[in-house]
Number of protein chains: 2
Amino acid sequence: MMFNRETEYALRALVHIQLQNYDDRRPGGKEIAQETGAPYYYTAKILQRLVRQGLLCSLKGKGGGFYFDKGKPDLMIRDLILAIEGEKKITGCVFGLTKCDEKHPCPFHDQYAPIREAMARLVSGESIQSVAKKYFLNTVNGSPDKVK
Amino acid sequence: MMFNRETEYALRALVHIQLQNYDDRRPGGKEIAQETGAPYYYTAKILQRLVRQGLLCSLKGKGGGFYFDKGKPDLMIRDLILAIEGEKKITGCVFGLTKCDEKHPCPFHDQYAPIREAMARLVSGESIQSVAKKYFLNTVNGSPDKVK
DNA sequence: TTATTAAAAGACCTTTTTGTCTTTTAGTGA
DNA sequence: TCACTAAAAGACAAAAAGGTCTTTTAATAA
């Protein structure tokens, strides 16, 4: 609920794709939707948008599916959120002021600013790849967790 | 953008109401909408819902408007968010897992948990009243800030 | 080449959010 | 009492989010 459904579906789908990619497989939309507990057609639409935006790759036909270009740098969570929800999601003021800063603070500013910064650090410091690796370690020698 | 528009409008409206109340006045929907930069009819609808839910009071007719019951305890930000957006907004998992905790952590859990807790502390520790007082002090001996 | 597979594209639909407007009800002051 | 004021209620509508389906295109394997 921090992010909207589309972002949640995208996060789960991309982590699954990366995890499969590490194993030299390209999952298709059907598998991804199933594994992430998201509606198939909607998942497909979301991933197609990401492909068009150049954040993800895909291959048609038999043996096709979604994958990350190994030549490209890791996909930062921040860039994903920017692509789906826009910048205000990360930088916006809780009170809805278009201009909220030290000089013109909203009544929540002092307390919310560090939270917003922590969130910004999180999404700027982590990528689908770094997060997928964590998830992998977690599910392998820990809780046998499935999504949803 | 952290909260939805309705919550933002409500926050701004309620702070304005409390500020006026401190000055023994009951602002009407028109004034509130103007001061908070929100659409009049929508603001009215939102406030009416809050009145029905018992979080706010109102008086019809000449000299009427919205006000807080001085007999009641302060309206905590948390309760406002619960009334408008529901609990998941505060407690929900970023990855969208219905069950995300220490035992079954999503790949963001370790990093997001402290952020979520800080946010929970903020909304549980502050009320419209406490926030209004801050805003008052701020606008009086500081920036002559207007909303939006 | 043909059958099969899977993404791409885009139309379409439903629900939720956001916003507007009209009519009714309840107060106030003259 | 009467005029006026302002909230209450609820219908209505536009836009955005969420979701489904069909047709087309591209790739592969047989």
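Order of the sequence lines fixes the chain letters, A, B, ..., with proteins taken first and strands second; residue numbering starts at 1 for each chain.
- In terms of modelled atom types and a separation under 3.5 Å, the side chain of A:Asp23 and the main chain of A:Arg25 share no donor-acceptor contact.
- Salt bridge status for B:Arg12 with B:Glu35: absent, with no side-chain N to carboxylate O gap under 4.0 Å.
- Counting heavy atoms of neighbouring residues, nucleotides and ligands inside a 6.0 Å radius, atom CD of A:Gln53 exceeds 12 of them.
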Please list, pair by pair, any protein nitrogen or oxygen found under 3.5 Å from a nitrogen or oxygen in nucleotides 10-18 of chain C.
unit_1 : atom_1 : unit_2 : atom_2 : d
C:dT18 : OP1    : B:Arg5 : N      : 3.3

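- With salt bridges taken as basic N to acidic carboxylate O contacts below 4.0 Å, one links A:Glu6 and A:Arg49.
- Interface residues of residues 54-77 of chain B facing DNA chain D, ordered by number: B:Ser58, B:Leu59, B:Lys60, B:Gly61, B:Lys62, B:Gly65, B:Phe66; criterion, heavy-atom separation under 4.0 Å.
- Under the ring pair (Phe, Tyr, Trp, His ring centres under 6.0 Å) criterion, B:Tyr42 pairs with B:Tyr9, sequence neighbours left out.
- Remark: B:Arg52 pairs with no residue by the salt bridge (charged side-chain N to carboxylate O under 4.0 Å, His left out) rule, at least two apart or across chains.
- B:Phe95 is not listed as a side-chain neighbour of B:His109, based on a closest heavy-atom distance of 4.5 Å or more.
- Closest approach of A:Ala132 and A:Leu19 over heavy atoms only: O-CD1, 3.3 Å.
- The pair A:Asp24-A:Lys70 meets the salt-bridge criterion, since a charged nitrogen lies less than 4.0 angstrom from a carboxylate oxygen.
- For A:Asn4, the side chain to side chain donor-acceptor pair (under 3.5 Å) test picks out A:Thr7, with sequence neighbours left out.
- Here chain B contacts DNA chain D (any atom closer than 4.0 Å to a heavy atom, that is under 4.0 Å), and the contacts span D:dT5 to D:dA11 from 5' to 3'.
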